[in-house]
Asks: 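Please see the structure below; I have some questions.
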Amino acid sequence: MLVLHRDSEKIEHRTFSDLPEYLTPNDLAVLNDTKVLPARVFSDGGAIELLVFDPRPDGFWQCLVKPGRKMRVGKTVTVGGCTGEVVAVAEDGSRTIRFDPLPDLERIGKIPLPPYLGREVEETDRERYQTVYAAAPGAVAAPTAGLHFTPEILAKIPHVLLTLHVGAGTFKPVQTEDLTGHLMHAERFELSTSTAAKINAAKSIFAVGTTTVRVLESCAVNGEVCAQTGETRIFIHPPYRFQIVDKLLTNFHLPKSTLLMLVSAFATREQILAAYHEAVAENYRFYSYGDCMLIL
């Protein structure tokens, strides 16, 4: 675990088990309890790949499909013996596919590992690519900062849980020079009344992961959070004034990603570049199954 002190710009190299040393009695940890779905499926003939990022119980599933040219409105696809019809194509290229009956994702689906890992999913990923506190199924990617926690470490720190179902947009790089032109996928979240009350009563908020930050800042009004359930498209990048978050735990992110821009807004771009150079020099592991950075 790399520890970056924003005020002094000091960098330390520790292990994750040292995390409780950096938290005070005033800190409340906030974690994202989303659970990754086995959301990567293939058509029965193997010609179509689907990433299901919103498998609604009414049968209208939101999916990314490859190749898209074969899945225009009116086209059908059979998955796990169940036939679905494309009923809409969104601006971002995702499809709404109506299934009846519903395919059994738990039986036929695979955990959708990030493409940059460059390997096929293994059976151990079903457990490894989940946090120990995952409880609410709905994500297509893990909130990876939380993968470092064990039940023992979590028990040592005061904490609350919220939910943000990480969507397909987490893999999408920023490709526009003008950041206002970047289209963020909507991601569903829930911040309960009891959790909001504890957050508002806390003197300092320690956010575990960028997904947690996005919920907290989406729900912020005049320095407090409002309990709500909904969707967020918030894109946090420099310059940005954080209302809720005081400390942040995060993994090391891909270049040109919205996650890296959020982290650069929390510290400074120069501090993050220096920290990343230090991480490379010290052979830190990057990305989903990699090491982490604590920003104080």
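Note: hydrogens, waters and symmetry copies are ignored here, and every other heavy atom, side chains too, is used.
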Asks: Just verifying a value: how many Å separate K66 NZ and I48 CD1, rounded to the nearest 0.5 Å?
Replies: 11.0 Å
Asks: Give me the atom names and distance for the closest heavy-atom approach of I153 to S17.
Replies: CD1-CA, 4.0 Å
Asks: Test side chain to side chain contact (heavy atoms under 4.5 Å, CB included) on L216 and I205; report intermediate values, then the result.
Replies: CA-CA 10 Å; L216 294 174; I205 295 300; 3.9 Å; yes
Asks: Got Y22 and E12 here, is their nearest side-chain heavy-atom distance under 4.5 Å?
Replies: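 A side-chain contact under 4.5 Å exists here.
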Asks: Taking the side chain as C-beta and beyond, is there a heavy-atom pair between M261 and H253 under 4.5 Å?
Replies: no
Asks: Is F266 linked to L273 within one hydrophobic cluster, defined over Ile, Leu, Val, Met, Phe, Trp and Tyr using a side-chain heavy-atom separation of less than 4.5 Å?
Replies: no
Asks: Tell me, do L50 and W61 make a side-chain contact under 4.5 Å, heavy atoms counted?
Replies: no
Asks: Could you tell me whether a side-chain N or O of R6 sits under 3.5 Å from a main-chain N or O of L296, the two making a donor and an acceptor?
Replies: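 Looks like yes, one N/O pair under 3.5 Å.
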Asks: In the single-linkage hydrophobic clustering (I, L, V, M, F, W, Y; side-chain heavy atoms under 4.5 Å), do F42 and I97 co-cluster?
Replies: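 No, it is not one cluster - the side chains of F42 and I97 are not joined through contacts under 4.5 Å.
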Asks: Between K110 and E49, does any NZ, NE, NH1 or NH2 come within less than 4.0 Å of an OD or OE carboxylate oxygen?
Replies: no
Asks: Following the transitive rule for hydrophobic clusters with a side-chain heavy-atom cut-off under 4.5 Å over Ile, Leu, Val, Met, Phe, Trp and Tyr, establish whether Y289 and Y276 coincide in one cluster.
Replies: yes
Asks: For residues N32 and L161, determine if any side-chain heavy atom of one lies less than 4.5 Å from a side-chain heavy atom of the other.
Replies: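 No, too far: nothing below the 4.5 Å cut-off.
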Asks: Do any N or O atoms from the side chain of Q130 and from the backbone of A142 form a donor-acceptor pair under 3.5 angstrom?
Replies: no
Asks: Please walk me through it: do D125 and R119 pass side chain to side chain contact (heavy atoms under 4.5 Å, CB included)?
Replies: CA-CA 11 Å; D125 290 313; R119 66 170 175 83; 3.0 Å; yes
Asks: Considering all heavy atoms of both residues, which atom of F252 and which atom of M293 are nearest to each other, and what is their separation?
Replies: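 Taking F252 first and M293 second, the nearest heavy atoms are CZ-CB, 3.9 Å.
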Asks: Using modelled atom types and a 3.5 Å cut-off, is there a donor and acceptor pairing between side-chain atoms of K198 and backbone atoms of L28?
Replies: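 No, K198 side chain to L28 backbone: no donor-acceptor pair under 3.5 Å.
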Asks: Please name all residues satisfying salt bridge (charged side-chain N to carboxylate O under 4.0 Å, His left out) with K35, sequence neighbours left out, ordered by chain then number.
Replies: none
Asks: Hey, what do you get for CZ (R241) to CD1 (I236), rounding to the nearest 0.5 Å?
Replies: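 Reported to 0.5 Å precision, the distance equals 12.5 Å.
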Asks: Under 3.5 Å, is there a donor-acceptor pair between the side chain of R98 and the main chain of V87?
Replies: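 Checked: no pair found.
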Asks: To the nearest 0.5 Å, what is the distance between CD on Q62 and CZ on R56?
Replies: 6.0 Å
Asks: Any non-hydrogen side-chain atom of L37 less than 4.5 Å from a side-chain atom of V52?
Replies: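 Side-chain contact under 4.5 Å: no.
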Asks: Taking the side chain as C-beta and beyond, is there a heavy-atom pair between K247 and T24 under 4.5 Å?
Replies: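 In short, these two side chains touch, coming nearer than 4.5 Å.
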Asks: Nearest 0.5 Å, please: how far is CG in D291 from CZ in F16?
Replies: 11.5 Å
Asks: Using the rule that two of Ile, Leu, Val, Met, Phe, Trp, Tyr join whenever any of their side-chain heavy atoms come within less than 4.5 Å, decide whether V166 and V121 are in one cluster.
Replies: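 Yes, because V166 and V121 connect within a single hydrophobic cluster, where side-chain heavy atoms sit under 4.5 Å apart.
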Asks: Look only at the side chain of N200 and the backbone of A197, and say whether a donor-acceptor pair between them is shorter than 3.5 Å.
Replies: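 Between the backbone of A197 and the side chain of N200 there is no qualifying donor-acceptor contact (under 3.5 Å).
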Asks: Is there a side chain to side chain contact (heavy atoms under 4.5 Å, CB included) between V41 and L105? Walk through the geometry before answering.
Replies: CA-CA 8 Å; V41 299; L105 274 183; 3.6 Å; yes
Asks: Do we see a donor-acceptor contact under 3.5 Å between the side chains of H148 and N251?
Replies: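 A donor-acceptor contact under 3.5 Å links the two side chains.
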Asks: How far apart are the closest heavy atoms of V77 and F99, and which atoms are they?
Replies: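 Minimum heavy-atom contact is O-CE2, 4.1 Å.
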Asks: Between CD of E282 and CG of L2, what distance do you get to the nearest 0.5 Å?
Replies: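 It comes to 8.5 Å.
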Asks: Go through L294 and F206 one step at a time and tell me if the side chain to side chain contact (heavy atoms under 4.5 Å, CB included) criterion holds.
Replies: CA-CA 10 Å; L294 176 62; F206 166 47; 3.7 Å; yes
Asks: For a quick test of reading the model, state the closest non-hydrogen atom pair linking C219 to F189 and the distance between them.
Replies: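 The pair with the smallest heavy-atom distance is SG-CE1, 3.4 Å.
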Asks: Would you name the heavy atoms of Y129 and P112 that are closest together and state the gap between them?
Replies: CE2-O, 4.2 Å
Asks: Using 0.5 Å steps for rounding, measure from the CE atom of M71 to the OG1 atom of T76.
Replies: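 Answer rounded to 0.5 Å: 7.5 Å.
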Asks: Answer yes if I157 and V160 sit in the same cluster of Ile, Leu, Val, Met, Phe, Trp and Tyr residues linked by side chain heavy atoms under 4.5 Å apart, and no otherwise.
Replies: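 Result: no, two separate clusters.
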Asks: Going by side-chain contact (heavy atoms from CB on, under 4.5 Å), L164 matches just one of T232, T212, T34. Which one?
Replies: T232
Asks: What about Y240 and F242, are their ring centers closer than 6.0 Å?
Replies: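 Close enough - the centres of the two rings lie under 6.0 Å apart.
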Asks: For G68, does its backbone N or O pair with a side-chain atom of R95 as donor and acceptor, under 3.5 Å?
Replies: yes
Asks: Is the shortest heavy-atom distance from the side chain of D33 to the side chain of T131 under 4.5 Å?
Replies: no
Asks: Would you say the side chain of P38 lies within less than 4.5 Å of the side chain of E106, judging by non-hydrogen atoms?
Replies: yes
Asks: On a heavy-atom basis, which atom in T210 and which in L248 lie closest, and how many Å separate them?
Replies: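 It is N-CD1, 4.5 Å.
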Asks: Charged N to carboxylate O under 4.0 angstrom, E21 versus K156?
Replies: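 Looking at K156 together with E21, the answer is no, because their closest N to O distance does not fall below 4.0 Å.
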Asks: Return yes if some donor-acceptor pair links the side-chain N/O of E217 with the main-chain N/O of I244 below 3.5 Å, else return no.
Replies: yes
